[in-house]
Amino acid sequence: MMTLTFPDGNQREYSVGTTGMDVAESISKSLAKASVAIEVDGELRDLMRPIEGNAAISIVKRDDEDGLELIRHDAAHILAEAVQELFPGTQVTIGPVIENGFYYDFARDEPFSTEDLEKIEKKMHDIVDANENFVREVWNRDDAIKHFKSIGEHYKAELIADLPKDETITIYRQGEWLDLCRGPHMVNTKQIGHAFKLMKVAGAYWRGNSDNAMLTRIYGTAWRTEKELEEYLTMLEEAEKRDHRKLGKELELFHFQEEAQGSVFWHPKGYTIYNQLENYIRRRIYDDGYVEVKTPQLMDRKFWEASGHWGKFRENMFVVPDVVPNTDEDGPVFKEEPKDFMALKPMNCPAHVQIFKQSIKSYRDLPIRMAEMGCCHRNEAHGALHGLMRVRQMVQDDAHIFCREDQIRDEVKRFIALFNNVYKDFGFEDIKIFLATRPDVRAGADEVWDRAEKAMADALDDLGIAFEYAEGEGAFYGPKYEFHLKDAIGRSWQCGTCQLDFVLPERLDASYIGEDGNKHRPVMIHRAVFGTFERFIGILIESTGGKMPMWLAPTQCVVAPITSDAEGYAQKIYETLKEKGLRADIDLRNEKINFKIREHSLQKVPKIFVVGKREEEAGTVAIRTLGGKDQEILSLDEAITKIVDMAKPPF
RNA sequence: GCUGUCGUAGCUCAGUGGUAGAGCACACCCUUGGUAAGGGUGAGGUCGGGAGUUCAAUCCUCCUCGACAGCACCA
């Protein structure tokens, strides 16, 4: 006999080898029906797998969070079965669960078409209805490799061969079809249900390495109920409407064109937002003890060789020949092969070191917080470009803090405080923070890394801020924080960053005179709050759906007279608003008030001042707020005082 | 960069092997209308670029450029 302990602490005796299903049935028929797996001493297992001894158990129902994971995992398996049945000769590789669903990578010469996807989905429903049991089998490693090789599944054979020596090789069978899998699975295919949908086909490299073959990946989404699936699909549709590229066009904020791919053409409205952000962050950092500089865009190759960028970052740089171009019509661009090169700066840091080095610095001068709204160019791969989120020309709200090692912790904390204040002003709450630690290839002694990583972790702990480690993801010159925000459809983008650097001051020979009268190396902290204006505005557009807070709105208020009789009054109000510093507009077009309201509402103007004869006679304005239905009638003075107040930036 | 899909008017999109269409926007006219589209008329396109097949290509084929999705990349 063995003793099983339930989550509520109750214990019951069962004979050794009892399965989770037996346990569930011993409790109630309905529980047995709802159960899909069991947790045994914290390990999720198949319900049909015998339990070998005393254990703490917890039955997992289909409705549980773990149940949803299993649904998605099982769905990936039946996707693979469906594909192999419909397209013999297709090799299976891996098929994990991901956020909101699952995918499976296949090796096949022909790509899958949209019609194929429909067929596959239909077949998957058939497999669910066939209600096959998922059966776990333990195989001998060599037999498994031999088996998969014999049926032409070379990727699977490779996977098995690469599994750790002590790993048990488990195979799951559903009907005729089997797959290498760690498990667990639900009891049968019927438990998957029908709330799934195949979403898209895409290429993906075998084992995530671009030197390997490209496989075909099929993405699917799966849920517990049809309702959940519907809700998810509706959410996606809604999110698409908030796509910053779409809104950027609709709201006339910016555009891109092929002659300048990856570089933004900011339109007046978009650039208004940009400028407001720049003014805001400038006020913030000036208040926080920064000085601001501006450095060259184009610098000689020798400079980048010294900084290390020529060697480590060149493939991402735009390199320009330092020669006068040939002016002969129809001639070559250059008369002779250029020998000297310059490069557009991909980063601001080396230039900041030059400013630092222009005079002898004392330890008393530190920390120096040197900021630049630095315009950088990076030669990003074509496939990486993505609206404002990933561009080739970007402006960072960059700064480098030159400090002593014993100042790191305070400086980092100070930055986090600044960062928090700023993000609070924008209402960003879903911020993911990573501490990226030492990578395999790195510069600097391990004990320096120890201190640096500890200083950064301590700073967050001191402030009570939760974070996750991104092991091995740090820069080669030091550990860093990554602050991630999500776009409309949940893709995560790194915005703010804070990086410790022990290498660049060394390479570029930056030093200060310490208390002891000797030269010392300063530490550099690279940091950005927004990250880049481009990406930050992209995220801002998606998170607000284009409805900018009043202080950022390109047009804060439109004065709309109802008839031409009220134009004089409207004009007067408009001029007053302008005098008060508001970004106001007046709509004198020969259009009905309905039309004007609709248009400015679609343009997401936060306030519309509607004025007709009545308002003129009473000296009032009828204020319509974006998204609201009711109007508010205020005296002109009150209205102006109120709107001026609302338009104030948060800092 | 890789795989796939797409590329028609300023925007959103329809369409056909016989040299193109809608709605919105734009221009002009009528309309002075009280909180999300008043009416009429008109102008506007070498159908991304190049080559090929064909009597004939926006449509078929190839190349190329760009956009989109995913992958790889992301100091």
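Predicted model, so just to flag it, every value in this text is computed and none were measured. Just so we're on the same page: letters track the sequence lines, and every chain starts at 1.
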Could you work out the separation of [N] and [M] based on their [atom1] atoms and round it to a whole Å?
N      : M      : atom1 : result
B:rC28 : B:rU16 : P     : 37 Å
B:rA25 : B:rG44 : C1'   : 12 Å
B:rU3  : B:rG18 : C1'   : 37 Å
B:rA9  : B:rA14 : P     : 12 Å
B:rG21 : B:rU58 : P     : 15 Å
B:rA57 : B:rG17 : C1'   : 7 Å
B:rG45 : B:rU54 : P     : 32 Å

Reckon [X] touches a base, only the sugar-phosphate, or nothing at all at heavy-atom distances under 4.0 Å?
X        : value
A:Lys596 : nothing
A:Thr563 : base
A:Ala475 : sugar-phosphate
A:Arg491 : sugar-phosphate
A:Gln396 : base
A:Pro111 : sugar-phosphate
A:Lys480 : sugar-phosphate
A:Arg245 : sugar-phosphate
A:Ala622 : base
A:Leu602 : base
A:Phe256 : nothing
A:Phe313 : base
A:Val610 : base

Pairing check on [N]: which nucleotide meets the Watson-Crick or G-U wobble criteria with it, both distances under 3.5 Å?
N      : result
B:rU32 : none
B:rG45 : none
B:rA57 : none
B:rU19 : none
B:rA9  : none
B:rU3  : B:rA69
B:rA14 : none

Nucleotide of [options] approaching [X] most closely (side-chain heavy atoms):
X        : options                : answer
A:Ala384 : B:rA72, B:rG34, B:rG33 : B:rA72
A:Ser564 : B:rU32, B:rA72, B:rA37 : B:rU32
A:Glu380 : B:rG34, B:rG38, B:rC73 : B:rC73

For the residue pair [X] and [Y], is the inter-centroid distance of their aromatic rings smaller than 6.0 Å?
X        : Y        : answer
A:Phe536 : A:Phe428 : yes
A:Phe87  : A:Phe112 : yes
A:Tyr219 : A:Tyr103 : yes

Ion pair present between [X] and [Y], side-chain N to carboxylate O less than 4.0 angstrom?
X        : Y        : answer
A:Arg527 : A:Asp398 : no
A:Lys345 : A:Glu372 : yes
A:Asp243 : A:Lys249 : no

For [N], does either OP1 or OP2 sit under 4.0 Å from a side-chain N or O belonging to [X]?
X        : N      : answer
A:His386 : B:rC74 : no
A:Arg217 : B:rU3  : no
A:Gln261 : B:rG66 : yes
A:Lys249 : B:rU12 : yes

| field | 5′-ward residue of the pair A:Tyr219/A:Arg624 relative to RNA chain B | value |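 The residue closer to the strand's 5' end, by nearest nucleotide, is A:Arg624.
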
| field | Upstream residue (5' side of RNA chain B) when A:Thr497 and A:Glu258 are each assigned their closest nucleotide | value |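 Upstream on the strand: A:Glu258.
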
Does a distance-only test, which skips hydrogens and angles, find a donor-acceptor pair under 3.5 Å between the side chain of [X] and the base of [N]?
X        : N      : answer
A:Glu615 : B:rG34 : yes
A:Arg390 : B:rC73 : yes
A:Thr216 : B:rU3  : no

Could you tell me the separation between the [atom1] atom of [X] and the [atom2] atom of [N], rounded to a whole number of Å?
X        : N      : atom1 : atom2 : value
A:His526 : B:rC74 : NE2   : C1'   : 16 Å
A:Ile562 : B:rG34 : CD1   : C1'   : 4 Å
A:Asp211 : B:rC71 : CG    : P     : 18 Å
A:Glu591 : B:rA25 : CD    : C1'   : 12 Å
A:Glu259 : B:rU64 : CD    : P     : 20 Å
A:Gln257 : B:rC65 : CD    : P     : 18 Å
A:His267 : B:rC11 : NE2   : P     : 11 Å
A:Gln499 : B:rC74 : CD    : P     : 13 Å

| Parallel, tilted or perpendicular: which fits the ring planes of A:Tyr232 and A:Trp223, with parallel below 30° and perpendicular above 60°? |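 Geometry flag for A:Trp223 against A:Tyr232: tilted rings.
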
| Mind checking whether A:Phe467 and A:Tyr469 have parallel, tilted or perpendicular rings, split at 30° and 60°? |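 Perpendicular.
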
| task | Would you mind telling me which of A:Lys480, A:His400, A:Gln499 makes a side-chain hydrogen bond (donor to acceptor under 3.5 Å, both in side chains) with A:His526? | result |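 When A:Lys480, A:His400, A:Gln499 are each tested with A:His526, the side-chain hydrogen bond (donor to acceptor under 3.5 Å, both in side chains) holds only for A:His400.
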
| field | Partner of A:Phe434 by side-chain contact (heavy atoms from CB on, under 4.5 Å), out of A:Glu482, A:Glu471, A:Gln494 | value |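 For A:Phe434, the side-chain contact (heavy atoms from CB on, under 4.5 Å) test succeeds with only one of A:Glu482, A:Glu471, A:Gln494, which is A:Glu482.
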
